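Both backbone and side-chain heavy atoms feed into the values below; hydrogens, waters and symmetry mates do not. All residue numbers refer to positions in the sequence shown, counting from 1. Ligands are counted one by one from 1 in listed order, and the atoms in each one are counted from 1 as well. All figures in this text were calculated on a predicted structure; none of them were measured in a lab.
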Amino acid sequence: MPSARQLSEFALIKHIARRFGHYRAQTLVGIGDDCAVTTHNPKTIQLITTDLLIEDIHFDLRFVSYRDIGYKAMIANLSDIAAMGGVPRQFLVSIALPSSLTQGNINSLYEGMMEPARKFGAALIGGDTSASTDKLFLSITLIGEVQPAHLIKRTGLSIGDEVFVTGTLGDSQAGLRILQSTIPTKIPISSQKWLCQRHLRPSARLDAAQKLAKHKLATSMIDISDGLSGDLSHLCNSNKVGATIDLTRLPVSSNLRKYSHYANTHAHEIALHGGEDYELLFTVNPNSVSRIKRWNTQNILHATHIGTIMPQKQKLKVITQTGRTKIMPIKSFNHFPEK
Ligand code: ADP
Ligand code: MG
C-alpha cells in the first residue's frame with residue numbers, strides 16, 4: 001500500500017472525492033473546484049462549527065485507531081450542531097499528513113468520519129491537504145441549519161430554570177484512564193470494554209436536541225466536551241447566573257460505578273469533571289419538567305434533572321452525598337494554563 005507521500009496530493013484528493021465525496025441534494029459543486037457550492041433552505045439559518053485535532057495533544061496513536069480519530073472528530077462537530085438544535089448538512093476536512101501515513105490509514109480516518117456523518121446526513125464537500133513533518137493534524141468544519149425559531153443558544157435561561165443532562169456522565173474519562181493504564185485491574189472486562197467504547201465512540205445527541213428544539217423546551221443548551229463542571233460554568237458565565245447541582249442526581253452508568261469501585265475513586269467526581277462525553281446540558285422552565293420526564297418514560301429522550309439555576313451571587317454549588325452544600329470545584333481542560 002503506498003504511503004501518503006508516494007501518492008500525489010492530487011491523486012489523494014481524487015481518491016477521497018471518489019470514495020467519500022458523494023453528492024447530496026444541496027450540493028451544486030462538491031470536491032474539485034475552488035469552492036464548494038451549496039444551496040440552502042431560505043426558511044433556515046446556517047450553523048458553522050470547526051474543530052482541530054492534533055496528534056499527541058488530542059489523541060495518542062498508541063491507544064486509538066485512525067478510524068476512532070475520524071469518528072470522534074466528527075462527533076465533536078456534530079455535537080456542536082446538536083447543542084444549537086440544528087441539523088448537520090455539509091462538512092470540509094483539512095488534513096496535514098506525516099509521510100509515515102499510508103493510503104489505508106487515510107481511508108480509515110475518512111471511514112471513521114463518514115460513519116456518523118452518513119448516519120446524520122452530512123456530506124463531504126471539500127477540504128485541504130498538506131504534508132506535515134511528523135504529526136497528524138485533522139480539522140473538520142461542519143455546516144448545519146436550523147429554523148430561526150428553533151435555535152437554542154447558550155444564553156436565554158432564567159433564574160429558577162431547571163438543569164438537565166442527557167445520557168450518563170464520566171464514562172469517557174474512565175475509558176481514557178483504562179486505555180492509558182498499564183496496571184492490570186480487577187474491573188470486569190465487559191465494563192472496561194464498554195467504558196473504552198464510550199471514550200472512543202461517543203454519541204452525538206442530535207435526536208434529543210432536535211426534539212427539544214422543535215418543542216422550544218430548552219431555554220439554553222451547551223454540549224459537554226470539557227466536563228460538566230467546566231461547561232456548566234461556561235453556561236452560567238454566559239448568562240451571569242449561578243447554579244446548584246445535586247451530586248447524588250448525576251447520571252452515572254453501572255459500568256462507571258464498577259470502575260470507581262475497583263479504581264477506588266468516586267463515580268460522581270468523574271461524572272462532575274470528566275470530559276468528552278458529548279452529552280447535552282440544557283435548562284428548561286420549571287413548567288416543562290413534567291414534559292421532559294414524560295419523554296423519558298416514553299424513551300423519546302434520556303435526560304436527568306440534576307439541579308437549578310440560581311442568582312449569580314449564589315455562585316456554582318454542589319449538594320454532596322451527606323446533604324452539605326459547598327462551592328463546586330471547577331476542573332476544565334485548558335490548552336494554555338497560566339504558568
Ligand atoms: P486549492 O488550491 O484551490 O485550495 P486544492 O487543490 O487544495 O485546491 O483542492 C482541490 C479540491 O479538493 C477542492 O475542492 C478542495 O475543497 C478539495 N480537497 C482538498 N483536500 C481535501 C481533503 N483532504 N478532503 C476533502 N476534500 C479536499
Ligand atoms: Mg488547497
### Task
Check step by step if side-chain hydrogen bond (donor to acceptor under 3.5 Å, both in side chains) holds for Asn255 and Ser253.
CA-CA 5 Å; Asn255 288 314; Ser253 67; 5.2 Å; no
### Query
Below 4.0 angstrom, N of the basic side chain to O of the carboxylate: do Glu145 and Lys43 qualify?
no
### Task
With heavy atoms of Asp33 as the reference, note each atom of ligand 1 found under 4.0 Å away.
13 (C), 14 (O)
### Ligand-residue contact atoms, ligand 1 with Asp34, heavy atoms, under 4.0 Å
3 (O)
#### Entry: Verdict with reasoning, His215 to Trp295, per ring-ring contact (aromatic ring centres under 6.0 Å, His included)
CA-CA 12 Å; His215 292 264; Trp295 282 354; 5.1 Å; yes
### Task
Answer yes or no: is there a side-chain heavy-atom contact under 4.5 Å between Thr308 and Ile245?
no
### Task
Please indicate whether any nitrogen or oxygen in Gly127 is less than 3.5 Å from any nitrogen or oxygen in ligand 1.
yes
### Task
Just let me know how Ile13 lines up against ligand 1, side chain, backbone, both or neither, with a heavy-atom cut-off below 4.0 Å.
side chain
#### Entry: Within-shell test, Tyr110 vs ligand 1, heavy atom, strictly < 4.0 Å
yes
### Message
Determine whether Thr219 and Thr283 satisfy the following criterion, side-chain hydrogen bond (donor to acceptor under 3.5 Å, both in side chains), listing intermediate values before the conclusion.
### Response
CA-CA 5 Å; Thr219 51; Thr283 54; 2.6 Å; yes
### Close-contact set for ligand 1 against Val93 heavy atoms, below 4.0 Å
22 (C), 23 (N), 24 (N)
### Query
What do we get for Ile95 next to ligand 1 when only non-hydrogen atoms under 4.0 Å count, side chain, backbone, both or neither?
side chain
### Query
Looking at residues at least two apart in the chain, or sitting in another chain, which of them share a side-chain hydrogen bond (donor to acceptor under 3.5 Å, both in side chains) with Asp60?
Arg62
### Query
With side chains defined as the heavy atoms from C-beta onward, is the minimum distance between Pro116 and Arg118 less than 4.5 Å?
no
### Query
If you count the atoms of ligand 1 from 1 in the order shown, which ones are under 4.0 Å from a heavy atom of Ile31?
12 (O), 14 (O), 17 (C), 25 (C), 26 (N)
### Query
By side-chain hydrogen bond (donor to acceptor under 3.5 Å, both in side chains), which residues pair with Asn299, not counting sequence neighbours?
His302
### Summary
ligand 1 to Thr129, heavy atom cutoff 4.0 Å, flagged ligand atoms 19 (C), 20 (N), 21 (C), 22 (C), 23 (N)
### Summary
Taking only non-hydrogen atoms of Gly126 and a 4.0 Å limit, the atoms of ligand 1 in range are 16 (O), 25 (C), 26 (N), 27 (C)
#### Entry: Polar proximity ligand 1 side, Gly32 side, N/O cut 3.5 Å exclusive
yes
